[in-house]
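We count ligands from 1, going down the list as the structure has it; atoms in each ligand are counted the same way.
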Amino acid sequence: MHEEAIAPAVAAGLTLEEKAALLSGEGAWETTAIPRLGIRSIVLTDGPHGVRKLAPDAEAFRFRSSLPATCFPTAAALGSSWDADLLHSVGEALGREARTAGVSVLLGPGINIKRSPLCGRNFEYLSEDPVVSGHLGAALVRGVQSTGVGSSVKHFAANNQETERMRVSADVDERTLREIYLAGFEHVVTAAAPWTVMAAYNRINGVPAAHNHWLLTDVLRGEWNFDGLVMSDWGAVSDPEASVTAGLDLEMPANAASAARLVDAVRTGRIEEAVLDRAVARLLTLVARTAGTTDSVSPVDPETHHALARRAAAESAVLLKNQDSLLPLDPDARMTVAVVGEFARTPRFQGAGSSWVNPTQVDSALDALTAAAGEHLDVSFAAGFTLAGEPDEALLAEAVAASASAGIAVVFLGLPEGEESEGFDRTHLHLPDVQVRLLEEVARVNSHVVVVLANGGVVQTAAWQHHAKAILEGWLNGQAGGAAVADLLFGRVNPSGRLAETVPLRLQDTPSYLNFPGSEGVVPYGERLYVGYRYYDTVDMPVGYPFGHGLSYTTFSYSDLHTEVLGENEEGVAVRLRLTLANTGPVIGKEVVQVYVGDVDASVDRPLRELKAFQKVELAPGQQTTVTFDLSARDLSFYSPTLHRWVLESGDFHVSVGSSSRDLRLTATVPVTAPPVVRPLGMASSVGEWLAHPEGAPLLRDLLNTTKGSALGTDPEISRMIESLPLERLLAMSAGRMDAAPLSRLTEWATVPAP
Ligand code: BGC
């Protein structure tokens with residue numbers, strides 16, 4: 001018998017108490033064991049960028065008492081790599097480390113959308129765009145699960161802030177949910193089949209995610225065919241009967257009161273035992289699926305994983321600015337490079353909270369730069385500021401003096417740990433004043449300034465960026481981030497990261513500004529679909545750095561865009577794109593080719609353009625290649641909450657390829673033919689909607705033709721006014737003037753529900 005099929009058979013031998021016990025954990029990080037039936041307990045641990053396995057004898061929720069593990073770059077960094085193969089490799093490495101540590105399920109990736117740059121946990125999320133989050137999240141899940149370790153995709157769903165995270169209701173319309181906040185999860189579930197999904201703390205339109213039948217059963221299982229286990233975020237269940245009925249299978253951590261309540265609920269008939277059986281079967285299936293994690297495995301080589309962390313950090317850094325090609329630095333130049341800023345010596349490379357990893361080693365950029373410098377290049381160091389953030393005139397003066405006598409000053413700035421974390425949100429986008437002052441003073445004495453940033457959520461650059469010729473956004477880049485920064489600054493690696501979220505000019509420009517983080521227990525998603533670049537591009541607002549932006553030490557040209565529509569019906573429509581990409585610069589490099597689609601003729605409001613596909617392509621100088629993309633009907637569709645489905649409309653679509661959402665190199669207009677969208681009609685539908693309906697129109701015309709004094713068609717303004725009236729109002733106002741026969745034909749037809 002296949003292992004997964006054993007689950008129901010074993011479940012049959014369990015007592016009611018044992019079933020209920022299985023549906024919450026045993027302790028903080030394990031599932032319940034039933035030794036009499038040979039059901040073992042499995043270990044679940046964070047997280048997204050490193051294995052946080054608790055040290056033996058450590059207290060359960062001491063996040064910083066974990067065994068050493070490789071701290072890979074955080075999701076904010078990995079998302080900026082736009083490199084699915086890389087995420088797969090990182091996932092594999094995480095899976096191997098988990099297996100070695102006896103961990104069966106890794107709690108990650110977090111693929112929530114970065115709705116506001118203020119979310120304190122944005123460092124744990126990949127992007128403001130669901131295509132980036134979904135594709136990279138799926139690659140990571142595939143990598144983890146290829147090692148026999150399960151992945152828990154979190155936090156499902158609409159968990160986009162930390163303020164009131166356990167109580168707040170994300171009030172969001174269904175179209176926005178489907179197109180923005182669920183789309184990434186949908187892709188991960190359908191493309192990578194994660195073994196578990198973690199239900200979020202927050203409510204969605206008033207209903208807790210962990211008790212939400214629509215979310216956990218109708219959408220996740222019914223529509224997306226998810227066949228794994230749904231677990232709660234830690235402490236997210238307030239009503240175990242509601243959660244198990246909604247489709248949540250495992251409450252974490254242990255909760256004896258929940259188990260007792262489930263037993264009572266079955267005994268007194270409030271829920272059927274079959275509901276528990278279903279959840280138990282899913283738990284046992286997970287235990288069976290992860291059976292391999294108890295096999296002995298060859299030990300992980302920490303150096304190999306450190307090297308992967310270094311490569312990942314280098315792929316993820318984004319070169320925002322590089323005036324006069326100041327970078328890369330020549331390691332053999334005869335000069336002094338002043339390295340300034342405490343972060344160069346004491347790197348900030350990960351975020352705080354449940355994802356915190358005890359690194360196996362940490363590279364500082366200062367050490368790496370010193371080691372990589374040739375014999376003529378001197379590297380000096382001045383801290384410039386303390387991590388506590390208090391002004392320190394002596395440190396400032398020392399840094400200014402060091403910069404004045406150097407050829408180039410490389411200034412390491414960023415967010416101190418206390419400014420962003422799981423558990424609270426940020427209130428502004430600024431760097432600390434002491435750091436901005438340091439930069440200003442350094443720039444006064446040295447015109448060749450490079451800024452290297454360390455931050456999880458984006459920081460505003462507009463106020464200070466004119467002081468720097470080059471800016472490298474390093475993110476929270478993991479334990480090998482320092483070495484990666486040296487690789488990039490010296491040009492041993494060509495920068496290829498791209499912004500997976502927009503850097504706004506001002507906080508006030510951000511689309512959720514007026515609604516974030518909400519009040520009185522509710523956060524209205526008033527900006528709807530217009531998140532990140534979808535908003536800035538649609539309203540044509542200037543930004544600091546656009547979504548998708550990132551420079552390279554080489555240049556790329558785009559040419560010969562060909563588009564071809566394959567198939568003509570709703571299922572079959574697909575658009576194939578082909579273009580030529582060439583490396584036209586001096587060094588090998590990687591370009592992220594981005595495909596954006598805009599529906600010019602849409603009948604509903606749609607963002608000006610939306611990312612639908614991307615590919616990271618490496619080319620040697622002078623080399624060129626053909627890059628191909630297939631867009632599906634779904635890629636061109638919007639979600640209609642009234643039709644309850646994705647809708648593709650006929651008309652022209654603008655398909656653009658380019659290097660950022662604001663650097664579109666080629667655009668084609670693609671005419672698409674799709675079946676007409678027929679919306680069901682009722683008496684509350686407008687006259688105009690009736691007249692546009694293939695079956696409704698003749699019925700209404702018949703009626704109007706027999707109505708004495710019908711003003712429709714008399715003059716254009718009156719006609720438009722009438723077309724906007726709900727039909728029932730028109731009928732009420734025309735009472736007595738209409739012919740009975742056509743009226744009853746129309747009302748009869750309208751009351752028969754559409755097939
Ligand atoms: C976090 C999850 C995490 C869990 C276990 C929660 O507070 O939201 O992301 O996996 O704790 O540490």
Side-chain angles (χ1 to χ4, degrees), residues 24-31 42-55 58-67 69 71 74-76 94 98 101 103-114 119-126 133 137 140-141 144 149-168 170 184-185 188 194-204 208-210 229-238 243 248 250-255 286 350-358 420-425 456 476 517:
S24 87
E26 193 171 77
W29 308 106
E30 286 100 35
T31 63
I42 60 172
V43 178
L44 327 166
T45 73
D46 292 294
H49 56 263
V51 179
R52 188 176 58 79
K53 172 85 184 295
L54 208 63
E59 276 177 47
F61 292 104
R62 284 234 181 265
F63 289 151
R64 301 204 175 185
S65 303
S66 53
L67 298 170
C71 179
T74 61
L94 289 169
V103 170
S104 295
V105 175
L106 211 56
L107 307 177
I111 59 162
N112 297 94
I113 292 293
K114 301 186 200 219
C119 174
R121 215 173 175 181
N122 271 357
F123 70 88
E124 278 196 69
Y125 300 139
L126 293 157
S133 304
L140 192 98
V141 169
V144 170
V149 170
S151 192
S152 193
V153 180
K154 65 190 188 182
H155 308 90
F156 191 52
N159 181 183
N160 309 102
Q161 66 186 54
E162 294 297 284
T163 307
E164 295 280 351
R165 67 173 172 158
M166 288 203 171
R167 299 190 301 190
V168 75
F185 285 101
V188 177
W195 296 348
T196 83
V197 162
M198 186 191 292
Y201 286 132
N202 53 287
R203 297 164 188 266
I204 301 173
L229 167 138
V230 178
M231 70 177 74
S232 69
D233 198 343
W234 268 233
V237 171
S238 55
S243 66
L248 186 131
L250 175 65
E251 174 182 349
M252 288 302 293
N255 190 340
L286 177 66
Q350 63 172 324
S354 61
S355 68
W356 193 89
V357 177
N358 177 8
E420 55 177 345
S421 168
E422 176 179 345
F424 59 87
D425 291 316
L476 301 182

Has Arg64 got more than 12 heavy atoms of other residues, nucleotides or ligands less than 6.0 Å from its CZ?
-> yes

Chi angles and distances behind the side chain to side chain donor-acceptor pair (under 3.5 Å) call for Glu422, Ser354 | CA-CA 7 Å; Glu422 176 179 345; Ser354 61; 2.7 Å; yes

For the pair Trp234 (side chain) and Ala28 (backbone), establish whether a donor and an acceptor sit closer than 3.5 Å, ignoring hydrogens and angles.
->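 Present.
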
Just by modelled atom types, is the Cys119 backbone N or O under 3.5 Å from a matching donor or acceptor in the Gln161 side chain?
-> no

Find all protein N or O atoms under 3.5 angstrom from an N or O atom of ligand 1 and list the pairs with distances, or write 'none'.
| residue | atom | partner | partner atom | Å |
| --- | --- | --- | --- | --- |
| ligand 1 | 7 (O) | Tyr201 | OH | 2.8 |
| ligand 1 | 7 (O) | Glu422 | OE2 | 3.1 |
| ligand 1 | 8 (O) | Arg121 | NH1 | 2.8 |
| ligand 1 | 8 (O) | Arg165 | NH1 | 3.2 |
| ligand 1 | 8 (O) | Asp233 | OD1 | 3.4 |
| ligand 1 | 8 (O) | Asp233 | OD2 | 2.7 |
| ligand 1 | 9 (O) | Arg121 | NH2 | 2.7 |
| ligand 1 | 9 (O) | Lys154 | NZ | 2.9 |
| ligand 1 | 9 (O) | His155 | NE2 | 2.7 |
| ligand 1 | 10 (O) | Asp46 | OD1 | 2.6 |
| ligand 1 | 10 (O) | Lys154 | NZ | 3.0 |
| ligand 1 | 12 (O) | Asp46 | OD2 | 2.5 |

Under 3.5 Å, is there a donor-acceptor pair linking the side chains of Thr163 and Asp425?
->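 Thr163 vs Asp425: donor-acceptor pair found between side chains.
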
Thr31 side chain near Leu250 side chain, heavy-atom distance below 4.5 Å | yes

